Amino acid sequence: MRVEYRNSTGLLAVIGDPIGHSLSPLLQNTMIRELGRDDLYLAIPVKRGGLPDFLQAARTIGISGFNLTMPHKQDVIPYLSDLTPEAGRAGSVNSVRIRDGRMEGHSTDGIGFRRALQDLGYDFPDRIVTILGAGGAARSIAMTAVDSGARQVRIVNRTPEKAEALCAGEPVMGAWPLTRAEEALGDTDILINTTPVGMEGAGQTGGFPFLRALKSGAPAVDCIYAPAVTPFMAAARELGHPVANGIGMLVYQAIYAYGFFRELEFDGETVARLGKLLLKASGVEHSGDQ
Ligand code: ATR
């Protein structure tokens with residue numbers, strides 16, 4: 001895409017490793033142009049351990065805000081001046097705003113996932129939500145589900161201790177080992193995959209044989225969007241479930257992140273309009289179909 005900048009242009013970025021295939025610059029620069037704002041958003045490779053150097057450089061050259069992806073979402077926390085309640089609850093930061101040299105961390109992953117879920121015609125209140133995986137993405141989504149009134153939030157994970165740690169102190173949450181996944185799925189209303197199983201290039205193997213126990217008609221939503229139809233989606237679709245990939249989560253977390261960077265309160269109509277625009281710009285369909 002064509003981007004324009006002037007001497008006055010604000011600088012935003014995404015950092016991570018790997019970062020080369022990130023869709024964030026495309027999404028953010030499309031949104032910036034649509035909103036008529038004077039910002040430019042870049043992808044900057046920063047390896048694990050490279051945060052202190054990057055943070056110093058960001059202050060020096062006047063970066064206004066940045067997003068973080070693997071492997072920095074948790075590692076950045078000790079360097080920040082403040083966390084928003086959402087970031088504190090998620091224990092993870094995907095957006096940092098820099099003002100007067102102070103760095104404030106926020107997480108838009110959970111709210112981004114929920115907004116994408118609403119696009120598909122589902123929502124958390126009063127639902128039994130089951131999440132596969134117990135990493136940062138699982139935590140962000142789980143806390144948003146709890147805080148928006150889910151009836152139960154179940155964490156199903158290969159390492160049971162990690163699931164138990166995530167559920168500690170949360171009365172509506174429960175931990176399940178992967179070996180007992182089928183028991184968790186029979187009355188599950190919404191199933192979410194946050195593990196990297198099936199992700200392009202992740203080299204993770206594993207299947208989803210327990211999907212056959214999922215409550216009839218329950219949606220199965222992946223956080224992965226490459227490939228557009230993930231193995232998780234293909235398996236669930238085969239069993240007749242509605243499915244979606246993670247492109248909606250990516251798009252909406254980006255919209256809320258830009259709002260955070262620039263202190264803009266987008267109304268529902270603006271979020272919906274930007275969502276449509278960015279989903280189209282991404283070139284990926286929710287359903288994975290072309
Ligand atoms: P993120 O922060 O993006 O959510 P993460 O912290 O690496 O990623 O978490 C990945 C989750 O996927 C973990 O819960 C991991 O399970 P463990 O806690 O047992 O490590 C889970 N995961 C990764 N590979 C998996 C596999 N092949 N089968 C099942 N679960 C897997």
Side-chain angles (χ1 to χ4, degrees), residues 14-19 21-24 46-48 51 67-77 86-96 105-114 116 129-145 153-168 170 173-182 184-185 191-211 213-214 220-227 230-236 245-250 253-254 257:
V14 58
I15 65 165
D17 179 39
I19 202 69
H21 292 106
S22 172
L23 283 177
S24 292
V46 176
K47 288 196 186 309
R48 188 186 290 281
L51 272 174
N67 288 121
L68 307 96
T69 181
M70 259 176 17
H72 303 305
K73 287 185 176 185
Q74 273 131 25
D75 292 356
V76 76
I77 291 176
E86 291 83 354
R89 197 101 168 88
S92 143
V93 164
N94 78 339
S95 309
V96 171
H106 183 43
S107 174
T108 64
D109 285 334
I111 187 185
F113 183 91
R114 182 178 180 198
V129 179
T130 298
I131 300 176
L132 305 176
R139 188 179 192 96
S140 307
I141 295 169
M143 294 310 161
T144 300
V153 178
R154 299 174 179 166
I155 304 293
V156 174
N157 198 44
R158 182 176 60 180
T159 310
E161 298 76 34
K162 261 170 91 176
E164 278 153 26
L166 209 163
C167 297
E170 299 290 339
M173 290 183 67
W176 303 66
L178 197 53
T179 47
R180 287 178 47 217
E182 291 199 8
L185 294 190
L191 178 65
I192 302 160
N193 178 43
T194 71
T195 76
V197 175
M199 188 193 291
E200 216 161 73
Q204 296 281 359
T205 54
F208 303 93
F210 46 81
L211 273 175
L214 180 59
V221 185
D222 210 328
C223 292
I224 300 169
Y225 57 86
T230 66
F232 173 75
M233 291 164 66
N245 60 31
I247 195 67
M249 178 184 184
L250 183 79
Q253 66 75 29

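Every heavy atom of this structure was used, including side-chain atoms; hydrogens, water molecules and symmetry mates were not. Whatever order the structure lists ligands and atoms in, that order sets their numbers, starting from 1. Here the structure is a predicted model, which means the values were calculated and not measured.
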**Q** Using distance alone, decide if ligand 1 has a nitrogen or oxygen within less than 3.5 Å of any nitrogen or oxygen in A134.
**A** yes

**Q** Under a 4.0 Å heavy-atom limit, does V197 contact ligand 1 with its side chain, its backbone, both, or neither?
**A** side chain

**Q** Once you restrict to heavy atoms under 4.0 Å, what part of T159 touches ligand 1? Side chain, backbone, both or neither.
**A** both

**Q** Cut-off 3.5 Å, no hydrogens considered: what does the side-chain donor-acceptor table look like for residues 130-145, sequence neighbours left out?
**A**
from, atom 1, to, atom 2, distance (Å)
T130, OG1, T188, OG1, 2.7
R139, NE, A90, O, 3.3
S140, OG, G136, O, 3.0
T144, OG1, S140, O, 3.1

**Q** Which atoms of ligand 1 have any heavy atom of G133 under 4.0 Å away?
**A**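 Listed by number with element: 14 (O).
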
**Q** Report yes if the side chains of L68 and V46 come closer than 4.5 Å at any heavy-atom pair, otherwise no.
**A** no

**Q** Heavy atoms only: which of R139, K162, M70, R158 lies closest to atom 29 (C) of ligand 1?
**A** R158

**Q** Is the closest side-chain donor-acceptor distance between S24 and N67 under 3.5 Å?
**A**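 N67 and S24 do not have a side-chain donor-acceptor pair below 3.5 Å.
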
**Q** Would you say T195 has any N or O atom under 3.5 Å from an N or O of ligand 1, going by distance alone?
**A** no

**Q** Looking at side-chain heavy atoms only, is the closest gap between K73 and D109 below 4.5 Å?
**A**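 Counting from C-beta outward, K73 and D109 do come under 4.5 Å.
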
**Q** Sequence neighbours excluded, which residues qualify as side chain to side chain contact (heavy atoms under 4.5 Å, CB included) partners of T69?
**A**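 Per chain and number, T69 pairs via side chain to side chain contact (heavy atoms under 4.5 Å, CB included) with V14, I19.
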
**Q** Quick one: does S107's side chain have a donor or acceptor within less than 3.5 Å of a partner on A87's backbone?
**A**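 No; judged by distance alone, with no hydrogens or angles, the pair does not exist.
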
**Q** Short list, please: which atoms of ligand 1 are under 4.0 Å from a heavy atom of A137?
**A**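 Counting from 1, the qualifying ligand atoms are 1 (P), 2 (O), 4 (O).
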
